[in-house]
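Since the structure is predicted, the reported quantities are computational estimates derived from the model, not experimental observations.
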Amino acid sequence: MKVGIPAEITPNELRVAATPKTVKRLQKQGFTVYIERHAGLKANFSDKDFEEAGATLVNSAKEIYSQSDIVLKVKEPTLAEVEQMREGLVLLSYLWPAQNQDLLKKLADKKVNAVAMDAIPRISRAQKMDVLSSMANIAGYRAVIEGSFYFGRFLNGQITAAGKVEPAKVLVIGAGVAGLAAIGAANSLGAIVRAFDTRKEVAEQIASMGATFLTVEIEEDGATSSGYSKEMSKEFIEAEMALFKAQAEEVDIIITTAQIPGRPAPKLILDYHVAAMKPGSVIVDLAASSGGNCVLTKPNEIYTTDNGVTIVGKLSQLPTQASQLYGNNLCHLLDDMGKAANFKIDMNDAVVSRAMVTYNGAINWPPQPLPVTAAAPKKETAAEAKEKAVVSEAEKIKKQAASMAMRLTLIGALLLLLGQFAPAEFMQHFTVFVLSVFIGWQVIWNVSHSLHTPLMAVTNAISGIIIVGGLLQTKSEFSNAMTLLAFSAILVASINIVGGFVVTRRMLNMFKK
């Protein structure tokens, strides 16, 4: 099968749908790859790079659309490009089906089987094909880098001979893929990071990335079955706006990431929030392309307000990195659809059926919703947890006491039985041995296993037995040979035990921050 990659004709689109690495991967999947000349130049890939990877260069997009079985694109095709496509072509591209009904109708009329890469459902199996997450990860990282550039100061705090530099404060609104990437980047650069999200379930994710989770004192959760946030109540929004006002007065950089596919971006940063920010502060609006989360955002523009706040409405695409990740997503989807030898469109597949927006001349949009967020289990209260822990501990102590009594009874019965037949001298030594083993074992058994390795546990148990036996063999006469031998045994065994725990503690300290 032939896979074709045309050049992107949108002036501000720098990405390409394949890289030399993904071309090699497509060939391993059994595809023959054709690419339009100069398609990768904006992403820093030369024609020579693609030729060396095994792709065949063609002179025009028309050849790609008329001769290929599968076409890989980044931006949605224009109506003129659709006219060049042959019937039965499989198109993998951004399509934004909710906003492009005319494009879907045109594709259906041409009987193009179009896969909207932006409509890949967010389920576990499809994570490797999720282009929105791949691109959002880049955007979140880039938001911090460009935000710090326009901020013009250190993000991390420093104490120098010239004076103290306070760390910058960064607020990230929305803790999806882009938000978490921004949190990680800002935290690694030393900033004080705070994050807000209407979904309570992301609190642990935010904390694990080193940020402080902000919320409002209203019991309302914004999580939905689609994985995106829902529209909140009027009371929640008012509390949310008040929280943003207080944070705007304090933070240096605000990064907004809230977007809902097929709908305008929600307005989260209003004019009075911007007015409350300090001169030199920065707002990076990752939702600028869909209207912006800030009411003052100008799409594809960067400007400074009258009170000195820089609002960033566009970011660099990092086209080389973005093209590689996007190409990987496409390869994963083609691999899932059966590679070249077994390639087929399986409309019973949960991923394919929901992303295939036109199929055999019909529009297949919108698809049936696919729940991806499981209901949260009921959490027990603090009182219930405490009561449960007390009962569990009491049962544990009761079992240990019963076990100890049983062991002592068994040992006593064994000694009594043996004493009926064995000589008195043997019984004296045997009793010392049994008590040494029992006491030494109990001493080591009550030490948490996490504090020593299995090998050290055994050696410490043996050393404990030696110490107890040595103590029982010591006499008042220090010149006695037995006393000297017992003292030496106690000394060596004690060194072994102490040294073992010292080494173990050093090992555990290696895993502490």
Side-chain angles (χ1 to χ4, degrees), residues 140 143-158 163-175 178-180 182-187 189-200 202-203 206-207 209-218 220 222 229 232-258 265-288 291-298 301-313:
V144 174
I145 301 302
E146 297 201 21
S148 64
F149 171 77
Y150 290 107
F151 179 54
R153 302 205 323 257
F154 290 143
L155 287 192
N156 65 318
Q158 293 187 9
K164 182 180 179 181
V165 178
E166 294 290 341
K169 297 182 178 69
V170 177
L171 171 63
V172 179
I173 300 177
L180 292 175
I183 291 169
N187 185 58
L189 290 175
I192 296 173
V193 188
R194 300 160 185 173
F196 174 87
D197 199 292
T198 58
R199 299 166 297 165
K200 306 297 184 184
V202 302
I206 291 171
M209 297 293 290
T212 301
F213 177 60
L214 302 179
T215 187
V216 297
E217 298 300 323
I218 294 179
E220 186 175 353
S229 299
M232 309 302 286
S233 66
K234 180 182 176 182
E235 293 76 14
F236 188 97
I237 292 174
E238 289 175 351
E240 182 183 53
M241 293 298 105
L243 174 65
F244 292 162
K245 173 69 161 50
Q247 291 298 316
E249 295 172 351
E250 186 178 349
V251 300
D252 302 298
I253 299 174
I254 295 178
I255 299 172
T256 64
T257 70
K267 301 301 180 185
L268 304 176
I269 303 298
L270 307 181
D271 51 1
Y272 65 88
H273 293 134
V274 179
M277 296 182 73
K278 297 171 288 188
S281 301
V282 179
I283 297 174
V284 182
D285 195 338
L286 294 184
N293 296 136
C294 176
V295 294
L296 301 181
T297 295
K298 297 179 181 179
E301 286 190 36
I302 300 170
Y303 76 103
T304 302
T305 63
D306 293 338
N307 65 321
V309 177
T310 300
I311 301 180
V312 181

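- Between atom OG1 of residue T310 and atom CD1 of residue I302 there is a gap of 9.0 Å, rounded to the nearest 0.5 Å.
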Go through it in stages, so that I can follow the logic: the residues are F213 and F196, the test is ring-ring contact (aromatic ring centres under 6.0 Å, His included), and I'd like the CA-CA distance, side-chain angles, deciding distance and then a yes or no. CA-CA 6 Å; F213 177 60; F196 174 87; 7.3 Å; no
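- One finds a salt bridge joining R194 and E250 here, because a Lys/Arg side-chain nitrogen approaches an Asp/Glu carboxylate oxygen to under 4.0 Å.
- Between the T256 side chain and the G174 main chain, no donor and acceptor come within less than 3.5 Å of each other.
- Scanning all heavy atoms of the two residues, the minimum distance from V193 to A186 falls at CG2-CB, 3.8 Å.
- Q247 has its side chain out of reach of E249: every pair of non-hydrogen atoms, C-beta onward, lies at least 4.5 Å apart.
- With hydrogens and angles disregarded, a donor-acceptor distance shorter than 3.5 Å links the side chain of H273 to the backbone of M241.
- A side-chain donor-acceptor contact under 3.5 Å links D197 to the backbone of A175.
- Every residue meeting the side-chain contact (heavy atoms from CB on, under 4.5 Å) condition with Y303, not counting sequence neighbours, appears here in chain and number order: L296, K298, T305, I311.
- Residues T257 and I173 fail the side-chain proximity criterion, which asks for heavy atoms closer than 4.5 Å.
- Judged by distance alone, the side chain of K169 and the main-chain N or O of I253 form no donor-acceptor pair under 3.5 Å.
- In this structure, I192 and V170 have side chains that are not in contact, with every pair of non-hydrogen atoms separated by 4.5 Å or more.
- Taking OG1 of T215 as the start and CZ of F236 as the end, the distance is 5.5 Å to the nearest 0.5 Å.
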From CA spacing to verdict: side-chain contact (heavy atoms from CB on, under 4.5 Å), I255, L171: CA-CA 6 Å; I255 299 172; L171 171 63; over 6 Å; no
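- Closest approach of V282 and M277 over heavy atoms only: O-CE, 4.0 Å.
- Taking every heavy atom of both residues into account, V274 and C294 meet most closely at CG2-SG, 3.9 Å.
- When all heavy atoms of A168 and D252 are compared, the closest pair comes out as CA-OD2, 3.4 Å.
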CA sep, side-chain torsions, deciding dist, call: L189, V144, side-chain contact (heavy atoms from CB on, under 4.5 Å): CA-CA 9 Å; L189 290 175; V144 174; 3.8 Å; yes
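- Under the side-chain hydrogen bond (donor to acceptor under 3.5 Å, both in side chains) criterion, D271 pairs with no residue at all, not counting sequence neighbours.
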Take I283 and I269 through the test side-chain contact (heavy atoms from CB on, under 4.5 Å) and record every step on the way to the result. CA-CA 9 Å; I283 297 174; I269 303 298; 4.0 Å; yes
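- Nearest heavy atoms, N187 versus G210: OD1-O, 3.6 Å.
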Could you walk me through whether I254 and V284 satisfy the side-chain contact (heavy atoms from CB on, under 4.5 Å) test, starting with their C-alpha distance in whole Å, then the side-chain angles of each, then the deciding distance to 0.1 Å, before giving a yes or no? CA-CA 6 Å; I254 295 178; V284 182; over 6 Å; no
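- A distance-only check finds no donor-acceptor pair linking the side chain of N293 to the backbone of K267 [under 3.5 Å].
- Taking each heavy atom of G313 and T297 in turn, the nearest pair found is CA-CG2, 4.1 Å.
- Counting heavy atoms from C-beta outward, E240 and T198 have side chains that approach closer than 4.5 Å.
- Residue-environment remark: CZ (F149) stays at or below the threshold of 12 foreign heavy atoms within 6.0 Å.
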